[in-house]
Amino acid sequence: MRRVVLLRLCVVLTTVLAASYGATADESSDVLIGPYVTSVSAHSARIVWVSPPDTEAGDVVVDDGRTMRRFGATAAGITGRAERLHTAHVDHLTPNTAYRYTVHCSGATADGQFRTVPEDGATPFRFAVYGDCRSDADKHRLVAEAIAQENPLFVLCTGDLVADGRDWPQWKEMFFDPARPYLTRCAIRPVRGNHEADAVLYRALFDVPGAETYYSLDAGNLHVTVIDSQVGDGFDEMLAWLRDDLARTDAEWKLVSYHIPTFNVGGHGSDWERDTLAPLFEEAGVDLVVVGHSHLYERFVPIGSPGSKPVTYIVTGGGGAPLSRAGPSPIIAGGIGASVLHHCLVEIDGERLTFTAKTPDGAMIDRFELIHGTAGNESATMQPAVDIKTADRVVHAFTRTEVDFPQLPKAGETVEVLVNPSHLPLSGKLRVSAVAESSWQVQARDVSLDGNAIVVHITAPPNVTMSVDGFDPPLELGLQLSFGRITTEAVPVRPGLSHETLMRIVPEPKAEPVAYADAAITVDGRLDDWRGIDPMPLPFMGRKRGSLRLAWREDGLYGAADVTNEALLVHASEPWTGDCIELFIEMDFARRPGYHTNVAQYIFTPTTDGEGGTGLVTAFGRHRRNAARIGVRCAWTPTEHGYLLEFVLPAEALRPATLTPGQKIGLNFTVCDDGQPIEQFYSDKSERDGYRKPITWGAIELAR
């Protein structure tokens with residue numbers, strides 16, 4: 001046990017708090033997590049900490065340098081845990097005032113500080129924003145230490161505080177301990193991310209009111225609205241609340257925060273509820289939208305209709321999670337995001353808002369100002385604004401550029417290539433040129449954009465080869481866009497290949513037969529129903545058979561695997577990084593790249609209890625939200641050498657494919673051990689996100 005610091009009240013008031021403003025006492029066994037401050041307002045705050053079981057509720061002494069008051073705390077249980085959560089509601093505080101506090105819990109004390117928010121719009125203040133601090137505590141600590149040096153009023157964390165929100169130890173190891181440098185000095189305002197999972201522990205630790213995971217707060221002339229991109233079936237209810245919340249505030253500045261981006265290029269390339277939220281934010285006069293999820297920094301040019309106040313969208317996910325690769329876009333300020341650890345500082349002074357993004361060592365990534373009043377829309381920040389329709393069309397103009405080769409090039413041969421305009425502006429100019437470092441020769445061309453395909457003549461390098469991955473060396477084009485008030489720099493782009501070109505390169509695979517099951521199959525995690533059905537071949541791996549069996553009946557496609565795996569590793573929030581069976585299905589076998597209407601991905605995993613039973617099913621693409629409702633399910637049982645896992649895709653999940661003899665279905669599957677493939681049906685060139693490379697389909701044919 002570490003030393004328990006016992007401080008007499010006079011020492012708290014005169015020595016410790018004066019000499020080390022905001023310091024925290026040595027951690028003791030009676031204060032496991034915290035203390036930390038949530039829900040701070042102009043007149044109140046909540047001070048929270050976690051203790052071992054059977055610890056007395058304790059109290060908090062709060063001091064503003066003139067007056068000292070004591071507040072009792074309540075202690076409550078935490079779902080699924082024996083530890084206790086202590087909360088002291090501190091009220092009747094003075095706005096814009098620094099407070100020091102000492103928590104007394106059994107024989108331990110711990111202290112910190114916070115500042116109440118200003119109540120009037122004339123008081124300048126600052127706050128910090130960062131996100132995705134999960135997974136690497138050391139990197140998170142670097143960012144937290146840099147935030148602490150900014151002395152913010154509060155910190156807004158844009159989600160993914162931990163890798164798995166259901167794993168109790170992670171909250172201390174990944175979030176509260178590394179974030180301690182700033183948690184002892186200011187309040188925390190969290191956003192729920194996808195890694196917070198079911199949000200049970202998230203709600204408890206941050207005292208989120210009610211069953212909702214969305215809320216709003218006011219600080220001076222700022223109104224912050226936090227919504228939940230993981231809300232699922234409750235989205236319509238949350239949307240109604242969001243409209244009302246934004247309509248009711250008359251604050252000078254409006255900021256909205258959530259986790260999964262509405263505009264995003266690098267990392268996940270997300271577009272969460274763009275059609276719904278972007279018009280709403282513009283109509284409501286929102287100034288800033290700040291999100292996380294992709295582990296980088298991106299600022300988009302302001303997005304809004306002519307004559308309106310455009311909205312500035314920020315992605316800030318550089319808090320410690322593995323960094324994402326940045327991608328270029330004509331509507332990212334600076335042309336491309338920054339794949340670096342960072343935090344953001346927002347400073348508000350009346351009608352002026354200054355936003356700065358910094359690395360932990362203080363290097364500035366980005367800095368801009370928003371100004372309200374008559375000069376606001378004419379400021380340098382607002383000059384390159386684009387409307388929502390244009391932004392939606394061009395956000396991925398570079399990263400999703402696609403080309404078609406009517407004739408496949410031979411080594412050293414010049415051919416025509418057609419550049420697909422689907423992600424380019426509807427009007428403007430495009431310059432296509434060679435890339436200095438590329439071995440492909442490109443005849444430079446300037447064209448006016450009119451929605452038609454752009455013809456470019458290119459010469460292949462003498463050593464070019466073609467495969468399911470495209471060309472090697474890869475084709476690169478230099479692209480420069482001019483549209484509206486935006487002219488981009490020339491950007492080197494590796495375009496994707498059109499479906500037609502891919503079909504010219506990639507031969508159609510042999511369809512492997514899948515047997516009909518004469519008797520009904522019960523999904524119970526056993527192989528009793530699989531007698532006489534052989535495992536699937538592994539043609540890509542050069543193995544005759546693997547562990548996965550497939551069979552079909554009129555009600556669905558069934559699967560079962562006997563997996564050798566000594567140590568079971570399951571990640572509920574990122575199942576593909578653990579032990580799982582990953583299945584790509586293309587129902588109409590069009591062999592198209594990416595996720596489309598008739599493409600789905602399912603990940604089947606054992607549960608973490610190690611005792612068998614119902615497994616976990618994660619769906620992407622088609623049926624992402626209703627896989628369980630339509631009957632997609634799996635079950636598993638442990639064995640001496642690993643586990644048995646059984647699953648079913650019902651007929652509804654396979655439409656428009658019909659479960660009849662002779663039906664072909666596109667298929668890829670991977671059996672993963674600790675996230676590494678140990679069995680693959682067709683090719684290792686398949687990509688989970690489906691944006692940049694084809695899903696190189698294998699095929700099955702239903703046999704009788």
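Please read these numbers as outputs of a predicted model, since none were measured by experiment. Position 1 is the first residue of the sequence; numbering continues from there.
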Asker: Would Gln663 and Thr658 count as having a side-chain donor-acceptor pair, cut-off 3.5 Å?
Answerer: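 Present: a donor and an acceptor within the cut-off.
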Asker: Side-chain donor-acceptor contacts of residues 640-649 below 3.5 Å, not counting sequence neighbours, with atom names and distances?
Answerer:
| residue | atom | partner | partner atom | Å |
| --- | --- | --- | --- | --- |
| His641 | NE2 | Asp562 | OD1 | 2.8 |
| Glu646 | OE1 | Asp524 | N | 3.0 |
| Glu646 | OE1 | Gly525 | N | 3.0 |
| Glu646 | OE1 | Arg526 | N | 3.4 |
| Glu646 | OE2 | Trp530 | NE1 | 2.8 |

Asker: Any side-chain to backbone donor/acceptor pair from Arg549 onto Ile533? Under 3.5 Å, distance only.
Answerer: yes
Asker: Give me the atom names and distance for the closest heavy-atom approach of Ile332 to Gly327.
Answerer: CD1-O, 3.8 Å
Asker: With no hydrogens and no angle check, just 3.5 Å: does a side-chain donor-acceptor pair link Glu298 and Asn264?
Answerer: yes
Asker: Hey, mind stepping through Leu654 and Ile585 against side chain to side chain contact (heavy atoms under 4.5 Å, CB included) and telling me if it holds?
Answerer: CA-CA 8 Å; Leu654 296 167; Ile585 295 284; 4.0 Å; yes
Asker: Carefully, step by step, assess Val289 and Leu277 under the rule side chain to side chain contact (heavy atoms under 4.5 Å, CB included).
Answerer: CA-CA 10 Å; Val289 174; Leu277 294 179; over 6 Å; no
Asker: So Ile665 and Val514, do their side chains get closer than 4.5 Å, heavy atoms only?
Answerer: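 No, their side chains stay 4.5 Å or more apart.
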Asker: Mind checking side-chain hydrogen bond (donor to acceptor under 3.5 Å, both in side chains) for Glu196 and listing every partner two or more places apart, or none if nothing turns up?
Answerer: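 Residues passing side-chain hydrogen bond (donor to acceptor under 3.5 Å, both in side chains) with Glu196: none at all.
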Asker: Say you draw a straight line from CE of Met503 to CD1 of Ile505; how long is it, rounded to the nearest 0.5 Å?
Answerer: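 Interatomic distance, Met503 CE to Ile505 CD1, rounded to 0.5 Å: 9.0 Å.
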Asker: Verify the neighbour count for atom CD of Glu500: are there more than 12 heavy atoms of other residues, nucleotides or ligands below 6.0 Å?
Answerer: yes
Asker: Identify each donor-acceptor pair in which a side-chain atom of residues 669-676 lies under 3.5 Å from a protein atom, sequence neighbours left out, and give them as a table.
Answerer:
| residue | atom | partner | partner atom | Å |
| --- | --- | --- | --- | --- |
| Asp673 | OD1 | Asn565 | ND2 | 3.0 |

Asker: Between the side chains of Tyr516 and Glu554, does any donor sit under 3.5 Å from an acceptor?
Answerer: yes
Asker: So which heavy atom on Tyr602 is nearest to which on Ala627, and how close?
Answerer: CE2-CB, 4.4 Å
Asker: If we ignore hydrogens and angles and just use 3.5 Å, is the side chain of Ser329 paired with the main-chain N or O of Val395 as donor and acceptor?
Answerer: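 Yes; judged by distance alone, with no hydrogens or angles, the pair exists.
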Asker: Any carboxylate oxygen within less than 4.0 angstrom of a Lys/Arg side-chain nitrogen, looking at Arg504 and Asp404?
Answerer: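 Salt bridge between Arg504 and Asp404, a charged N being under 4.0 Å from a carboxylate O: yes.
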Asker: Please give me the minimum heavy-atom distance between Leu477 and Val435, naming the atom from each residue.
Answerer: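 So the minimum-distance heavy-atom pair works out to C-CG2, 3.5 Å.
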Asker: Looking at side-chain heavy atoms only, is the closest gap between Val456 and Val419 below 4.5 Å?
Answerer: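 The answer is yes, as the side chains (C-beta and beyond) meet within the 4.5 Å cut-off.
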Asker: Please report the C-alpha distance between Leu481 and Phe398 in whole Å, then the side-chain angles of each, then the deciding distance to 0.1 Å, and finally whether the side chain to side chain contact (heavy atoms under 4.5 Å, CB included) criterion is met.
Answerer: CA-CA 10 Å; Leu481 269 174; Phe398 295 145; 4.0 Å; yes
Asker: Is there a side-chain contact between Leu408 and Thr501, using heavy atoms and a 4.5 Å cut-off?
Answerer: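 Yes; the side chains approach each other to less than 4.5 Å.
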Asker: Kindly say whether the aromatic ring centers of Phe405 and Phe471 come within a distance under 6.0 Å.
Answerer: yes
Asker: Ile630 and Ala653: which non-hydrogen atoms are nearest, and at how many Å?
Answerer: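 For Ile630 versus Ala653, the nearest heavy atoms are CD1-CB, 3.7 Å.
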Asker: Is it true that a side-chain atom of Glu512 and a backbone atom of Met536 form a donor plus acceptor pair closer than 3.5 Å?
Answerer: no
Asker: Which heavy atom of Asn598 sits nearest to which heavy atom of Met587, and what is that distance?
Answerer: O-SD, 2.6 Å
Asker: How far apart are the closest heavy atoms of Thr607 and Val570, and which atoms are they?
Answerer: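 Heavy atoms of Thr607 and Val570 come nearest at O-CG2, 4.2 Å.
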Asker: Per the ring-ring contact (aromatic ring centres under 6.0 Å, His included) rule, which among Phe235, Tyr313, Phe263 passes with Trp272?
Answerer: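 One option only clears the test, and that one is Phe235.
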Asker: Any donor-acceptor pair under 3.5 Å linking the side chain of Asp132 with the backbone of Gly319?
Answerer: no
Asker: Under 3.5 Å, side chain of Arg543 to main-chain N/O of Pro537, donor-acceptor pair present?
Answerer: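 Absent.
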Asker: Would you say that Leu418 contacts Val455 through its side chain, given a criterion of any heavy-atom pair below 4.5 Å between the two side chains?
Answerer: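 Yes. Closest side-chain heavy atoms under 4.5 Å.
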Asker: Per the salt bridge (charged side-chain N to carboxylate O under 4.0 Å, His left out) rule, which among Glu508, Glu701, Glu586 passes with Lys664?
Answerer: Glu508
Asker: Do Trp552 and Ile700 touch side chain to side chain, with heavy atoms closer than 4.5 Å?
Answerer: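 They are not in side-chain contact.
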Asker: Verify side chain to side chain contact (heavy atoms under 4.5 Å, CB included) between Val162 and Trp168, making sure each step is shown before the conclusion.
Answerer: CA-CA 10 Å; Val162 295; Trp168 172 255; over 6 Å; no
Asker: Might you confirm whether atom CG of Asp528 has over 12 heavy atoms from other residues, nucleotides or ligands at distances under 6.0 Å?
Answerer: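 Counting other residues, nucleotides and ligands, CG of Asp528 exceeds 12 neighbours.
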Asker: Hydrogens and angles aside, do Gln601 and Glu582 bring a side-chain donor and acceptor to less than 3.5 Å of each other?
Answerer: yes
Asker: Please check if any side-chain donor atom of Gln230 sits under 3.5 Å from a side-chain acceptor atom of Thr213, or the reverse.
Answerer: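 Not at all, the side chains of Gln230 and Thr213 share no donor-acceptor pair under 3.5 Å.
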Asker: Any chance you could measure Lys139, atom NZ, to Cys133, atom SG, to the nearest 0.5 Å?
Answerer: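 Here the rounded value is 13.5 Å.
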Asker: Go through the side-chain N and O atoms of Arg134 and His195 and say whether any donor and acceptor fall under 3.5 Å apart.
Answerer: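 A donor-acceptor contact under 3.5 Å links the two side chains.
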Asker: Treating Ser324 as the side-chain partner and Gly267 as the backbone partner, does any N or O pair qualify as donor plus acceptor under 3.5 Å?
Answerer: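 Side chain of Ser324 to backbone of Gly267, a donor-acceptor pair under 3.5 Å: no, none is there.
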